[in-house]
Amino acid sequence: MMKQAGFFDVEERLARLSGLGDQLEAFSRTVDFEIFRPDLEKALAYSDGSKGGRPPFDPVLMFKILVIQTLNNLSDERTEYLINDRLSFMRFLGLGLSDRVPDAKTVWLFRERLTQAGAIDGLFNRFDATLRNAGYLPMSGQILDATLVAAPKQRNTNAEKADLREGRMPEDWQDKPSKLSHKDRHARWTLKFTRAKRQDDGTMPSSDLAIPFFGYKSHVSIDRKYRFIRKWKTTHAAASDGARLREGLLDKTNTASSVWADTAYRSKANEDFMEKQGFVSKVHRKKPHLKPMPRHIQKSNAGKSVIRSRVEHVFADQKSQTGLFVRTVGITRATMRIGLANIVYNMRRFLFLERLNVSA
């Protein structure tokens, strides 16, 4: 016969989790989640509250649920199940075994209200201010890059695709709200080029592979010294990387003026823009058309690559650790998803740097 679980058994299990290195406990210790409260309350008041009174759960608790969800790449249903199932999740949320846990619909609604209120920028900037106050100022210049983020593929007819490309709503969708709610009118197809790999027989294919890709693009600017994301933007997957540089991706508060980026960002418009704004371009130079690459440019690009490659670590972390993927429909929700992923990346990075400081 199993004995009734007592209070001390739960305490003992939690102590054991701490000993095993509970990442969420480190989050609780290092990040003051109360800083987000004013932004959350403002967004919830702004988004339409007529659908009912105040949400039954504390907004900071709900925001912490979004952090858990982002860290573990969970759907709303899976989130509800795991909060009920895992002591470490409960402890992070400050819930006891007998407390009510928000269900999947409540989580969806909370995220939706923040999304419609456009709250993600304010939340991102709020944590950025925390980083600055902790001494992590943007230093040593900045690095720009973009990565593709997959969204669920759409099965559209050629006529529907043509309408979407022209920015029109396909006729058949207008009077079918249920169909419309499942159709992503903002995500786009693009080609993802990957380097050709050596074949089993030792031969090299003559060209690189072009793989069709559907979804969005996450554009970021990180500071070179601490590698925090400082500026970011979400677009559809086919948007060009280069033009984003002039759309608020450069961080004027960085203590150094150098900007590193790959050849996609190299254009006359960008070089002029950076010069006017007081930035020093360290953007890769392109190979001259039909001519070999001059030695000095080759060497200079190689030097830039060493620094520029640091930004790859950010995307690798987001994709391998937290499985960045868009499950939702439309650019505003994709922006919310990518924005949350950027906040959570900065939180993880903050934990890592704080740990280094303690051990130094």
| request: Establish, from distance only, whether the side-chain atoms of Tyr136 and Glu354 form a donor-acceptor pair under 3.5 Å. | output: yes

| task | Look at Glu34 together with Arg37 and state whether they make a salt bridge at an N to O cut-off of under 4.0 Å. | result | yes

| Is the count of non-hydrogen atoms from other residues, nucleotides or ligands lying under 6.0 Å from Gln277 atom CD greater than 12? | yes

| request: Classify the ring geometry between Phe63 and Phe36 as parallel (under 30°), tilted (30 to 60°) or perpendicular (over 60°). | output: tilted

| said: Applying salt bridge (Lys or Arg N to Asp or Glu O under 4.0 Å) to Arg227 and Asp223, what does each step give before you reach the verdict? | reply: CA-CA 5 Å; Arg227 299 188 206 178; Asp223 69 280; over 6 Å; no

| request: Measure the shortest side-chain to side-chain distance between Tyr81 and Leu74 over non-hydrogen atoms and say whether it is less than 4.5 angstrom. | output: no

| said: Does any part of the side chain of Asn342, heavy atoms only, come nearer than 4.5 Å to the side chain of Val314, both counted from C-beta? | reply: no

| request: Hey, could you give me the CG/CH2 distance between Asp121 and Trp232, rounded to the nearest 0.5 Å? | output: 5.5 Å

| hydrophobic_cluster_shared for Tyr226 and Phe352, side chain cutoff 4.5 Å | yes

| Does any non-hydrogen side-chain atom of Leu351 lie less than 4.5 Å from one of Arg29? | no

| said: Quick one, Arg230 and Gln142 - any side-chain contact, counting heavy atoms below 4.5 Å? | reply: no

| said: Using every non-hydrogen atom in the two residues, find where Arg266 and Val283 come nearest and quote the distance to one decimal. | reply: NH1-O, 2.8 Å

| Relative to the ring of Phe228, is the ring of Phe350 parallel (under 30°), tilted (30 to 60°) or perpendicular (over 60°)? | tilted

| field | Reported OG-to-CG distance for the pair Ser267 and Leu245, which is rounded to 0.5 angstrom | value | 7.5 Å

| message | Under a 3.5 Å threshold, yes or no: a donor from one side chain and an acceptor from the other, between Thr234 and His219? | response | no

| field | Trace of the side-chain hydrogen bond (donor to acceptor under 3.5 Å, both in side chains) decision for Asp103 with Thr106 | value | CA-CA 5 Å; Asp103 60 15; Thr106 306; 2.5 Å; yes

| field | Single-linkage hydrophobic cluster Val280~Leu250, side-chain heavy atoms < 4.5 angstrom | value | no

| remark: Scanning both residues in full, the closest heavy-atom pair of Pro138 with Thr253 reads CG-OG1, 3.6 Å

| said: With rounding to the nearest 0.5 angstrom, report the CG to CG distance, Asn346 to Leu353. | reply: 10.0 Å

| Sub-4.5 Å side-chain heavy-atom contact between Ser221 and Ile229 | no

| Does the pair Lys268/Asp272 count as a salt bridge with the N-to-O cut at 4.0 Å? | yes

| task | Decide, yes or no, whether a salt bridge links Lys105 with Asp76 under the criterion of side-chain N to carboxylate O below 4.0 Å. | result | no

| request: Work out which heavy atom in Gly248 is nearest to a heavy atom in Lys231; give both atom names and the distance. | output: O-CD, 3.5 Å

| request: Taking Asp128 for its side chain and Phe124 for its backbone only, find out whether a donor-acceptor pair lies under 3.5 Å. | output: no

| query | Between Leu24 and Phe89, which heavy-atom pair has the shortest distance, and what is it? | reply | CD1-CD1, 3.4 Å

| message | Could you measure the distance from the CG atom of Leu123 to the CG atom of Asp39? Nearest 0.5 Å is fine. | response | 5.0 Å

| Test item: Leu97 and Leu87 side chains (from C-beta on) under 4.5 Å apart, heavy atoms | yes

| Heavy-atom side-chain contact between Leu66 and Phe110 under 4.5 Å | yes

| query | So which heavy atom on Arg111 is nearest to which on Gln69, and how close? | reply | NH1-OE1, 3.0 Å

| Does the side chain of Leu95 come within less than 4.5 Å of Ile83's, by heavy atoms? | yes

| request: Specify the closest pair of heavy atoms between Ala119 and Ala43, including all atoms of both residues, with the distance to one decimal. | output: CB-CB, 3.5 Å

| query | What's the spacing between Leu340 CG and Thr115 OG1 if we round to 0.5 Å? | reply | 8.0 Å

| said: Test your reading of the model: is there a side-chain donor-acceptor pair from Asn254 to the backbone of Gly141, 3.5 Å cut-off? | reply: yes

